[in-house]
Amino acid sequence: MPPPARSPAWGPRRRALLLPFLLLPLLLFFLHLASLSSPRLLPAPRKPSQACDYSAGEWVRDASAGPALRYDHTCKEIFKGWNCIANGKANGRDLLRWRWRPSGPGCELPRLDPRRFLERHRDTNIGFVGDSLNRNMFVSLVCMLRGVSGEVRKWRPAGADRGFTFLHYNLTVAYHRTNLLVRYGRWSASPNGGPLESLGYKQGYRVDVDVPEQTWVEACSFHDVLVFNTGHWWWAPSKFDPIQSPMLFFEKGIPIVPPLLPSAGLDLALQHMIMFVNKAVRPNTFKFFRTQSPRHFEGGDWNEGGSCQRSQPLSSEQVEEFFSLDNNGTNIEARSVNKHLMEALEQSTFRVLDITRMSEFRADAHPSTTGGKKHDDCMHWCLPGLTDTWNDLLALNLESFES
């Protein structure tokens, strides 16, 4: 039997049915080319929730946490006295198994993702300006980033004490050391006399409240992100003894008479430095001021046999015993300094990086007897350790502002 006759329309219909199958490989090829040439999109930024208070909360056990998730004691940038795991601190690893849970229903502080951070901050300069506690924070960030990107250049950008550029991303992170933010140095009475000499002063430290210390003057025009701190040295009687070597404040090169107490000098210095930074920074610079890092001395101050031997975070009740201004105890410095900071920053364009409350709980996270000093180190923090969480908060804030 002869095959059935095909309709005249069969040929065009068959070509129409086959056309998508013939074009599909070509379409996939062009899509592949487009994916190679277009930039890789990052996930949507994680915004701090309006309902979450990241400066308040509690520490909870996190069995999944550990140094492998961040960096370990082999990071060469860790100052020897802060390397609690290498130095054999009994809870050196256990102190990492705590996670900060901010106040608010369902609130979480996401951990800094080093690779994501490097990608988001390509062609960016980040400067930490302050005392050794800001170096603590700087080292934490550098170690986290070096864990995923080892191709770095070590140098001292813009007068920094130390710095690293992650070459593949052109991201620079630097630390500018300054104890008071402002310039200071030894002062001795002039044989020709003067306002201070007439009051009986023979020696001390001259503190120019309106002159920034040279170590960070260039930082403002170099960095895109700045994190400032000051405070510990303003309450340091072992350095600035009120009788033997008092702080003597100068403004416009002239001694302030009658002499100010350190707290009043701090207020004046903050006022001048905030104005200086606002004039010196580049447009769109992110300016943070980190709140005061607390100390945890028990049984006296550092030079009075004080120690910090705890192996667990404090309870809320214990925190108040340590830090309440009403108790006027050894460790009230943090809250005292913060009162001055908040007042100075109230009308400024600085963003406050509030790490004080989360840190007050962590009496267990200092180097203590393993810090390599003649006394317990109850001021600095173990690395890896608490300052990793400070950087979690910094990263979250940066993503929010940049979005």
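Starting from 1, each residue takes its place in the sequence as its number. As a basis for the values below, the full set of heavy atoms in this structure was taken, side chains included, without hydrogen atoms, waters or symmetry mates. All of these numbers come straight from a predicted model, not from anything done at the bench.
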ask   = Taking atom types as modelled and ignoring hydrogens, do the side chains of Asp267 and His340 form a donor-acceptor contact shorter than 3.5 angstrom?
value = yes

query = Are Arg335 and Phe323 in a cation-pi setup, meaning NZ or CZ lies under 6.0 angstrom from the ring centre and within 45 degrees of the ring axis?
reply = no

request  = With rounding to the nearest 0.5 Å, note down the distance linking CG in Asn179 to NZ in Lys239.
outcome  = 7.5 Å

message = If we ignore hydrogens and angles and just use 3.5 Å, is the side chain of Asp131 paired with the main-chain N or O of Thr230 as donor and acceptor?
response = no

message = Looking only at side-chain N and O atoms, does Thr215 offer a donor or acceptor that is under 3.5 Å from a partner on Thr178?
response = no

key: Donor-acceptor pair, side chain of Ser324 and main chain of Glu321, under 3.5 angstrom   = no

note = One should read off an interatomic distance between Trp82 CH2 and Lys89 NZ, to the nearest 0.5 angstrom, of 15.5 Å

task = Tell me, with the steps shown, if Asn170 and Arg122 meet side-chain hydrogen bond (donor to acceptor under 3.5 Å, both in side chains).
result = CA-CA 6 Å; Asn170 193 30; Arg122 284 180 178 273; over 6 Å; no

Which atom of Met379 lies closest to which atom of Leu133, heavy atoms considered = O-CD1, 3.6 Å

message = Counting C-beta onward and ignoring hydrogens, is there a side-chain heavy-atom pair between Leu341 and Leu270 closer than 4.5 Å?
response = yes

query = If you draw the axis of the six-membered ring of Phe350, does the NZ or CZ of Lys287 fall within 45° of it and under 6.0 Å from the ring centre?
reply = yes

request  = Classify the ring geometry between Phe288 and Phe401 as parallel (under 30°), tilted (30 to 60°) or perpendicular (over 60°).
outcome  = tilted

message = Is the shortest side-chain heavy-atom distance between Thr389 and Leu109 below 4.5 Å?
response = yes

task = Could you check if a side-chain atom of Phe166 sits within less than 4.5 angstrom of a side-chain atom of Leu118, using non-hydrogen atoms only?
result = yes

request  = Start with the C-alpha gap between Ser293 and Ser359, add the side-chain angles, then the distance that decides, and say whether side-chain hydrogen bond (donor to acceptor under 3.5 Å, both in side chains) holds.
outcome  = CA-CA 7 Å; Ser293 174; Ser359 306; 5.4 Å; no

ask   = Would you call Val182 and Pro212 a side-chain contact if the rule is heavy atoms closer than 4.5 Å?
value = no

query = Are the side chain of Asp72 and the backbone N or O of Thr74 linked by a donor-acceptor pair below 3.5 Å?
reply = yes

query = Hey, does Arg162 have a side-chain heavy atom less than 4.5 Å from the side chain of Arg135?
reply = yes

ask   = Between Asp354 and Tyr54, do the side chains contain an N or O donor and an N or O acceptor separated by less than 3.5 Å?
value = no

ask   = Where do Trp59 and Trp98 land on the ring-ring contact (aromatic ring centres under 6.0 Å, His included) test, with the steps shown first?
value = CA-CA 6 Å; Trp59 290 94; Trp98 294 90; 7.8 Å; no

request  = Hey, could you give me the NZ/CD distance between Lys154 and Glu77, rounded to the nearest 0.5 Å?
outcome  = 5.0 Å

task = Please name the pair of heavy atoms, one in Cys308 and one in Asp377, separated by the smallest distance, quoted to 0.1 Å.
result = SG-O, 3.7 Å

inquiry  = I want to check something: taking the side chain as every heavy atom from C-beta on, are Ser368 and Gln309 in contact at a cut-off of under 4.5 Å?
reply    = yes

query = Would Tyr205 and Arg186 count as a side-chain hydrogen bond (donor to acceptor under 3.5 Å, both in side chains) if you check the C-alpha gap in whole Å, the side-chain angles of each, and the deciding distance to 0.1 Å?
reply = CA-CA 5 Å; Tyr205 281 88; Arg186 284 280 187 179; 3.2 Å; yes

query = Any chance the rings of Trp216 and Phe228 have centres within less than 6.0 Å?
reply = yes

query = Rounded to the nearest 0.5 Å, how far does CD of Glu58 lie from CZ of Arg101?
reply = 4.5 Å

query = Between atom CG of Leu171 and atom OG1 of Thr124, what is the distance when rounded to the nearest 0.5 Å?
reply = 6.0 Å

message = Under 3.5 Å, is there a donor on one side chain and an acceptor on the other for Asp210 and Gln271?
response = no

ask   = What is the distance from atom CE of Met137 to atom OH of Tyr175, rounded to the nearest 0.5 Å?
value = 13.0 Å

task = Quick one: closest heavy-atom pair of Ala395 and Leu112, and the distance?
result = CB-CD1, 3.7 Å

ask   = Do Arg351 and Asn397 have side-chain N/O donor and acceptor atoms under 3.5 Å apart?
value = no

ask   = Any side-chain heavy atom of Pro294 sitting closer than 4.5 Å to one from His296?
value = yes

query = Taking only residues two or more places apart in sequence, or in another chain, which ones meet Ala174 in a side chain to side chain contact (heavy atoms under 4.5 Å, CB included)?
reply = Pro157, Ala160, His176, His223

request  = Taking side chain to side chain contact (heavy atoms under 4.5 Å, CB included) as the test, write out the residues that go with Gln214, two or more places apart.
outcome  = Val217

query = Is there a donor-acceptor pair closer than 3.5 Å between any side-chain N or O of Glu333 and the backbone N or O of Arg295?
reply = no

key: Residue that, paired with Met273, satisfies side-chain contact (heavy atoms from CB on, under 4.5 Å) out of Val209, Leu268, Leu181, Val129   = Leu181

inquiry  = For Ser336 and Trp235: C-alpha separation, side-chain torsions, deciding distance, then whether side-chain hydrogen bond (donor to acceptor under 3.5 Å, both in side chains) applies.
reply    = CA-CA 10 Å; Ser336 298; Trp235 270 260; 5.3 Å; no

key: Exam field: side chain Asn91 to backbone Asp364, donor-acceptor pair closer than 3.5 Å   = yes

message = When you compare the side chains of Ser140 and Asp388, does any donor N or O come within less than 3.5 Å of an acceptor on the partner?
response = yes

Pair Phe276 and His272, ring centroids less than 6.0 Å apart = no

query = Any donor-acceptor pair under 3.5 Å linking the side chain of Asn229 with the backbone of Thr291?
reply = no

